[in-house]
Structure formats: C-alpha cells, structure tokens
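The figures here come from the full heavy-atom set of this structure, side chains too, leaving out hydrogens, waters and symmetry mates. Whatever order the structure lists ligands and atoms in, that order sets their numbers, starting from 1. Sequence positions, counted from 1, serve as the residue numbers for this chain.
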Amino acid sequence: MTETPDQAGPLPRHIAIIMDGNGRWAKQHGRIRVKGHEAGADTVDLVVRSCAEIGIEVLTLYAFSSENWLRPAFEVSALMRLLHSYLKRETGRLVEQGIRLRAIGRLERLDSAVRRELEKACEVTAPGRTMTLNLAISYGGRDEICDAATALAREVAAGNLEPGAITPERFAEKLNTAGLPDPDIMIRTGGEYRISNFLLWQLAYTELYFSNTLWPDFSRDELLGIIHDFQHRERRFGRVLEGGEGTSHDLEIKG
Ligand code: FPP
C-alpha cells in the first residue's frame, strides 16, 4: 500500500539522506561497483522529484564524503564523472522545477571541470523557490565544525568577537549549512547504523531512520512511509510536553 503524507501532520521541512548500498547492489546484480553508483544516480532523480512534489523545503544528499577520497582512484574518478554528467544533464530540469541547487563541503578539492559545472548549476538555479537541493560533496562534519571554529577564532583574534559571545546560533552561522533549517529526518539506506561524519552538528534533534534497502532500490513508497511515520512521532526537543503525553501535532515549537 502506498503511504501518503498525513494532511493533519507536520511535513518535515528538511530531509537528509546517506545514500548507502550502491556497491552491494552492483554485486547482487553481478556488475562492477560503478554500475551501482549509476543506478544510484537514477534514484537521486526519483527522490529529488518526489521531495519537490511533496513540498519538502530542503533535501540534503550525501553524495561524496571527505573519506570517499580514499577509495580506489578508478572509483573516485567514476563518481566525479557521474556528478559532472548529473549536473550537465539535470540543471535544466532543476530550473524547470524551481529547485535551487546548493553544495556543502570542501569544494576546492574537486577538479576544476566538476567545480565549474557545480558553480554554474548553483548560479542558474538560484532563483528556484520550490525546494533547495543541497549536495554534500567532499563533505565531512568534523571538517565543517573545525572550519567554523577557525572562522570564529579568527574573529576573536582580530578583536571583533568576545569569546563569551559565541552561542550555538552564532556557531551555526559559520557552518556550510548557514541559513538552512536543521534536518527533521535523516535517512540512511543500506542497513548500516552509523552517521559516518554527516551533519554532526545539525543532526542534534533529527529523527533518524535506518533502512535495509540498498540505495538503488529505494522507492517513493518507502520515502512516503518514512514521512508518514515521522508525522506520528513525538518530538520533545529535550522538553516535557505541557499537559502530559501529547503527540507531535500538539507541538508549537519546531527546531
Ligand atoms: C555509498 O555506497 C554511496 C556513495 C559513496 C556515493 C553516492 C553517489 C550516488 C548515489 C550517485 C551520484 C550522486 C549524484 C548526486 C548524482 P557504497 O559505494 O558505499 O555502497 P556499499 O556500502 O554497498 O559498498
């Protein structure tokens, strides 16, 4: 049965996904790992379209981690080629759908052709207001936190900031995700129960979903099922709800 978002429940504003299982999917199908990544790129299309249709504001996809640079050179270049061809192929469609592209991570490590294509795609999709597609590329949560700390330390050293004035809000302004809401839902496919250096700061109060489905097999129905489940979870953000038990529908605050 297809689950649908509950009209009465709150829609997640931001969904973040660790797209794991491409390599195992390829193995199951007797193919090389790169074929799994290619199949995974088709699932990216499907999930981007679905989230935009449902009314999700931000979708963050972990496309390439800072640790993925350590994979065999052949696989790294295949992933870069795939990213390049995705951007070339999809930018027009993102514009049509009103989807704004943004990228987080140490983008300076990308080769110049991929970086150029990415910059171009971010620029031409910038007016999009339907959804923000946020690609984490060459991204590591610890790097991001160190970079934010460095930026604040520089302001302190220059005499422009009191150490005591550093608050979580001020810190978040220095992260790559500045201006975006924290994820409401984080999904990891592929059956592993780890965060793998993804959005370490931003996931503080995120609802976590771990799926055994390999990313190329992830479907719109499974996504809708997760959103439906989220709509019935109680989010307390460390507080006790007034009036006892309550449901997510009673919450006034959202983080
Ligand atoms: C993890 O699967 C997946 C990746 C490291 C890359 C994710 C890339 C894509 C889904 C395709 C390209 C992305 C875009 C945005 C076009 P894995 O290789 O670790 O799988 P395994 O755990 O089964 O080996």
For Arg33, the ligand 1 atoms with a heavy-atom partner under 4.0 Å come out as 17 (P), 18 (O), 24 (O)
Counting heavy atoms only, which part of Glu192 comes closer than 4.0 Å to ligand 1: side chain, backbone, both or neither? neither
Met186 and side-chain contact (heavy atoms from CB on, under 4.5 Å): which single residue from Ile18, Ile15, Leu199 fits? Ile18
The atoms of ligand 1 lying under 4.0 Å from a heavy atom of Trp215, numbered in the order shown, are 10 (C)
Any nitrogen or oxygen of Gly23 lying under 3.5 Å from a nitrogen or oxygen in ligand 1? Just yes or no. yes
Nearest-option assignment for atom 6 (C) of ligand 1, heavy atoms, candidates Gly40, Ala63, Ala26: Ala63
Atom 1 (C) of ligand 1 - nearest protein heavy atom and its distance: Met19 O, 3.3 Å
If hydrogens are left out, which of Arg24, Met80, Arg71, Glu38 has an atom nearest to atom 19 (O) of ligand 1, that is, the closest non-hydrogen atom? Arg71
Asp229 and Tyr209: side-chain donor and acceptor closer than 3.5 Å? yes
Does at least one non-hydrogen atom of Lys27 fall below 4.0 angstrom from an atom of ligand 1? no
When distances are taken from atom 17 (P) of ligand 1, the protein heavy atom at minimum range is Asp20 OD1, 3.6 Å
Strictly under 4.0 Å, does any heavy atom of Gly21 approach an atom of ligand 1? yes
Does Asn68 approach ligand 1 within less than 4.0 angstrom via side chain, backbone, both or neither, non-hydrogen atoms only? side chain
Please check if the number of heavy atoms outside Glu123 that lie under 6.0 Å from its CD is greater than 12. no
Strictly under 4.0 Å, does any heavy atom of Leu61 approach an atom of ligand 1? no
